[in-house]
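Values reported hereafter were calculated over all heavy atoms of this structure, with side chains retained and with hydrogens, waters and symmetry mates removed. Just so it is clear, the structure is predicted and the values come from calculations on it, not from any experiment.
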Amino acid sequence: MPHQDQHDNISKARMLLATRRFLKLDEWLLSQMRGWQNQGEGHSDYGLLMHPATLFTGTESPPLNPLEILSDWAQQCPQSYHAHALLGMVWHENAWIIRQPLEGEDVADHQWLGAQLCCDYAVLSFLRAIELHPRPTHALRHMMNLSGGFGEPYWLKALFAGEIPKPLHEKFSIQGSEIWRDGVAHIHALGFEPATHWPQMLPAALQQTRKNDEEALDYWLRMAMSVRHADVGTMESYLLFHSAFWGGSDAQQMQIIDSPLCAEFSEEERNQFRANALCDALSGDIADRESPQALELQSRLAALLTQPLAAETRVRLLDLAGICIAYWQDDDQAGLAVYNDLFAVSPQAMPGHAARMFISRAVLANGHQEGLPVLTLLLTRGLSQANDPVLVAFAATALQSGLYGLPARPELCEGLMDHAWSLILQAGDEQPVKDLVTLAHDMAINDDLDAAHFLMTEMARHGSAIHCYELYFFYRNGWHQDVPEQYHNDSNAMDCVLSAARSGMVPAMFTCANALREGLGGEPDYEQAMHWYQRAMEAGHLSAAYFRASCALDNGSDAEKRQAAEVWLPEILHNEQHPDRAEAAYTLGMAWLTGTGVKKNRYTADKFMEFVLELSPESEAAKQVHEELSGSLRARMNLWQDKRKAEVEDPVAIYQTVHPADPETSLEDVPQSDNK
């Protein structure tokens, strides 16, 4: 927790920045910097203050624009080291923001270009900062971070090579291209034009300092450590670029930690580096059980946990380790023991999301009742901190009936459920709601069906569509567990699925239509069923199209029957990827056989049954109808008679896939037209 002096320092920095008292802010930051730079202060706030996230995340309204205010600072105080260093950090952050790929897509070329244009400004700012202070630790550290993440700009490489860098338009002929237009749009959105001309020489502090073939990451690390020995933040950043995420490994990080590069760090600091590396390893793909890597990780974990570690570091290690240990030892109880150790670290210690779900699954779904004290601790702390909606709702459910080590306090449950729902709304995330569905299933597996029902009805009462949908199956005894007869209620089921459908849940729209068609809890309602089939179709539910057509054939007017047979089912048959294509062909065949929506014709019906068997050879229903239509001489005579009445000789040809010609067929084998 931040101490009061830290809060005061952060507030002071934000106030000076917001009121644009730049000279005062510079003077104060320089005074804070001296003790930190000399590493004579154990708890200096300077490192925290020198970060845009600290300075620009206050409660100012409207919020400050970092690029605008820092550019103003640099313009008013051109000799300010802090203005240029912070400006470089903000430009670097914008590069990462632009580079973020859209969900499910790779980073586009224009995003790379936009990010690189931001990096150009970042490097220009850092170089200026390096000129302005004899010990520019943050500027050098962030040059290392930028080089590791994006690489050095071409023009900076040229300066280190002793060359005069070419202007952008001479180096690359991309101006005017689509990529240039879209890439520049990113920096235009920030209110700037791309930088095009570069310094003609390096700052004096960097001249003749780079070794031949020295990698940028190693060079900037060396420069940063030369001005502030054993700088923990710089080394943590350097090690991060050797993690698995950046193409390295935790073994590579360990090798660096045990090398002369880290000789000046204390054992406590090296243990922190080791813990970070181990957390990287534990948070990735879990090593195979009994593999050398799994055995090594367990050994390293056990050794590290015997060392003095900061409480938050120990909690982070144990949080990640519990699930891994449970897997490696094939024993949920071993994982639960790890989380018991986590709770013992401090009264505030809490595991992360995955660990919380593991604890519930291990005790309730997997039946490790000896781990119940761990679950009780989790729920008790969830109540005391009351900031996680899943734990608050879970604990409220336990209090309702006195389960999982908590006393029965039903009078508290309504308020707790209200609070849990408010937290869900604040988060704006569906994951807590999905987690609560998982917990309801775990409770049911543990034979706590009353608790599962309470949790789902409370969430449904607050407007959770997915819990309404779950209750539909619960009340119909179609859930994953057998539901006691006392809960079976078709009317309640209909109310729940209708509520979920009205909330916009697409599977619920489809299920609601089926229930209305069936007449669940009352009389069938054809009009409403068709309404919800249409809503589900418009929302992208493919099967709704087929069921709408079949519902119209069963219950619709003559006009709707014709539309289903002549339009809706053929539309499905034309779509080779439709999941209900075979069912649509069978239904259309039966329509021709019975004369529903079309003129009755047994020959056409049989052709559709043959088509069904092409699509789904295992269809017993189609086999039976086909046998009845063609299995006897009399039946074949009827087919021959109806064939003469059919409007089309092969009614399914338009739906069948046309295979490309055999590539080995020569032109001589293809019939030639007289028209050349």
[X] bridged to [Y] by N-O distance under 4.0 Å:
X: Arg314; Y: Asp341; value: no
X: Arg409; Y: Glu414; value: no
X: Arg461; Y: Asp418; value: yes
X: Arg361; Y: Asp332; value: no

For [X], does the [atom1] atom sit with more than 12 other heavy atoms under 6.0 Å from it, leaving out its own atoms?
X: Glu430; atom1: CD; result: no
X: Glu485; atom1: CD; result: no
X: Glu290; atom1: CD; result: no
X: Glu215; atom1: CD; result: no

Evaluate the side chain to side chain contact (heavy atoms under 4.5 Å, CB included) criterion for residues Glu236 and Leu239: first the C-alpha distance (whole Å), next the side-chain angles of each, then the deciding distance (0.1 Å), finally the verdict.
CA-CA 5 Å; Glu236 284 180 334; Leu239 288 168; 5.7 Å; no
Parallel, tilted or perpendicular, as decided by the 30° and 60° cut-offs, for the rings of [Y] and [X]:
X: Phe474; Y: His453; result: parallel
X: Phe510; Y: His541; result: parallel
X: His242; Y: Tyr238; result: tilted
X: His142; Y: His138; result: parallel

Minimum heavy-atom separation for Met235 to Leu221, with atom names?
CE-CD1, 4.2 Å
Considering all heavy atoms, the nearest Val232-Glu269 contact
CG2-OE2, 3.5 Å
Using modelled atom types only, decide if a donor and an acceptor are shared between the side chain of Thr511 and the backbone of Ala508 within a distance under 3.5 Å.
no
Does the Ser147 side chain pair with the main chain of Met143, one donor and one acceptor, at a distance under 3.5 Å?
yes
Quick one, [X] and [Y] - any side-chain contact, counting heavy atoms below 4.5 Å?
X: Glu93; Y: Pro52; result: yes
X: Val107; Y: Gln100; result: no
X: Thr397; Y: Met417; result: yes

Where do Arg99 and Phe150 land on the side chain to side chain contact (heavy atoms under 4.5 Å, CB included) test, with the steps shown first?
CA-CA 10 Å; Arg99 184 206 164 280; Phe150 290 96; 3.8 Å; yes
Which pairs count as ring-ring contact (aromatic ring centres under 6.0 Å, His included) when at least one residue sits in residues 358-405, sequence neighbours excluded?
Tyr339-Phe358, Phe394-Tyr404
What do you reckon, are the aromatic ring centroids of Tyr487 and Tyr475 less than 6.0 Å apart?
no
Distance flag, aromatic centroids of Tyr469 and Phe473, threshold under 6.0 Å
yes
So Ile97 and Asn94, side chain to side chain contact (heavy atoms under 4.5 Å, CB included) or not? Walk me through it.
CA-CA 5 Å; Ile97 292 169; Asn94 277 289; 4.3 Å; yes
Please say whether the positively charged group of Arg381, taken as NZ for Lys or CZ for Arg, lies over the ring of Phe343, i.e. under 6.0 angstrom from the six-membered ring centre and within 45 degrees of the axis.
no
